[in-house]
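Lettering follows sequence order; numbering is per chain, from 1. Just so you know, these numbers come straight off a predicted model, no measurement behind them. Because only heavy atoms are used, hydrogens play no part in the values below, and waters and symmetry mates are left out as well, while side chains stay in.
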Number of protein chains: 2
Amino acid sequence: MTTDDPRVEAVIDKVRRAGGRVTTARRLVVAALVRGRAHPTAEAVAAFVQAEHLEIALSTVYRTLEALEALGLVEHTHLGHGSAVYHLGEPHQHLVCEDCGTVIDASAALLDDVRARLRAQYAFEVHVGHFAVLGRCGRCGVTARRPPSMRGDGGR
Amino acid sequence: MTTDDPRVEAVIDKVRRAGGRVTTARRLVVAALVRGRAHPTAEAVAAFVQAEHLEIALSTVYRTLEALEALGLVEHTHLGHGSAVYHLGEPHQHLVCEDCGTVIDASAALLDDVRARLRAQYAFEVHVGHFAVLGRCGRCGVTARRPPSMRGDGGR
DNA sequence: TTAGCTGCAAAAGGTTTGCAAATTA
DNA sequence: TAATTTGCAAACCTTTTGCAGCTAA
């Protein structure tokens, strides 16, 4: 069984070459990352996978993502609270709007300045991409913020 | 009841002025943040609090931290996987070593360059401090890394 | 044939919530 | 007195794990 997707097969080939077994579940997990929606959680990957094979378990998805990550083919990122999200390929920087949840993909080069400073000052090597940069996007920035209060619903 | 700690009382005064009630639990939570160890998790705050008053519940600690955060007196940060950590006062940037877990506190100014670029390019306003910068500290950097493999324990 | 994968179910954190009783202002 | 806060226990959500059966190589 193969998919007709060369991007999927390219990743699968690396799995095979690393001594991993090629299974339907693994091909579908990769397909979810290649063709599914951007920034999927494990749950979202499972939904994609299960659309084709309902019997594939969420735990298999987690284990497959973990295996792909160990090979350096996949990275996971935390976009704030809630589930981690997974993506293939080059590390890059995620910008997340805390108001509307929009995710912007920015280049890893964005942090070159910070990276150089941390290396010089603390001998610290930044691992780009494993953390998101949170903030407020342009669209939400125009909206006024309610001042905090301790009454009622706790100010939220 | 007061503590003898003016830093605690300063925070507590703000709670009172915001219309919040001042309780023993709240004072102890603030004291944990002022006098306890750096980067405490909710669990660690509870341990500090319960050293004085064993009956104070973990859920009260969470709710107090949430209330303090709503007032802008406390921030929480994710240093990677696992529990969030809490701190009083000025937002700053945390650097976390993924190998040994060491946390370095860096100035928020570290990100000024990134901040300016994101504002110009995406109209994105960075919320400093809510995310950690992960990487590898100088001490761990000298250690060699094992190459990934898909065999056995998954290369970890 | 035999590691390596998988499905299922249960466990394991970390955090939140419902509710009645206690407490603050 | 009235509204907020608290303790307790249970619920929740995401991720991990144990294990027996299945399967790719």
Just the rounded figure in Å: distance from P of D:dT14 to CD of A:E66. 18 Å
Cluster overlap B:L134 with B:V128, hydrophobic side-chain contacts below 4.5 Å: no
Applying side-chain hydrogen bond (donor to acceptor under 3.5 Å, both in side chains), can you list everything that pairs with B:H130, at least two apart in sequence or on another chain? A:E98, B:H76
Spacing between A:Q50 atom CD and C:dT6 atom P, to the nearest angstrom: 13 Å
Passing candidate, side chain to side chain contact (heavy atoms under 4.5 Å, CB included) with B:L65, options B:L73, B:V29, B:T60, B:V30: B:V29
Is there a side-chain polar atom (N or O) of B:Y62 under 4.0 Å from OP1 or OP2 of C:dT16? no
Set of side-chain hydrogen bond (donor to acceptor under 3.5 Å, both in side chains) partners for A:D13, sequence neighbours left out: A:R16
Taking the nucleotide of DNA chain D with the closest heavy atom to each, which residue, B:H81 or B:T60, is nearer the 5' end? B:T60
How bent is the helix from C:dT1-D:dA25 to C:dA25-D:dT1, comparing axes over its five end pairs at each side, to the nearest 10°? 40°
Output the rounded distance in Å from CG (A:L65) to P (C:dT6). 11 Å
Reading nucleotides 18-25 of chain C from the 5' end, what letters show protein touch, with B for base, S for backbone sugar-phosphate only, - for no heavy atom under 4.0 Å? BB----BS
Applying ring-ring contact (aromatic ring centres under 6.0 Å, His included), which residue pairs with at least one partner in residues 103-125 of chain A are found, sequence neighbours left out? none
Please determine, for the side chain of B:R26, which listed nucleotide (C:dG14, C:dT6, D:dT6) has the closest atom? D:dT6
What pairs meet the salt bridge (Lys or Arg N to Asp or Glu O under 4.0 Å) rule with one or both residues in residues 44-64 of chain B, with sequence neighbours excluded? none
Can you measure B:L68 atom CG to D:dT4 atom C1' for me and round it to whole angstrom units? 15 Å
ring-ring contact (aromatic ring centres under 6.0 Å, His included) contacts touching residues 11-52 of chain B (sequence neighbours left out): B:H39-B:H94
For the pair made of CD1 in A:I56 and C1' in D:dT23, what is the distance, rounded to whole Å? 14 Å
Measure NE2/B:H78 against P/C:dG14 and give the value in whole Å, please. 13 Å
Residues 116-126 of chain A vs salt bridge (Lys or Arg N to Asp or Glu O under 4.0 Å), sequence neighbours excluded, gives A:D113-A:R117, A:R119-A:E125
Euclidean distance, atom CD of residue A:E43 to atom P of D:dC12 [Å, nearest integer]: 15 Å
Closest listed nucleotide, where the reference is the side chain of A:T64 and the choices are C:dT6, D:dT6, D:dT14: C:dT6
What pairs with A:R7 under side-chain hydrogen bond (donor to acceptor under 3.5 Å, both in side chains), at least two apart in sequence or on another chain? none
D:dT5 C1' sits how many Å from B:H53 NE2, rounded? 15 Å
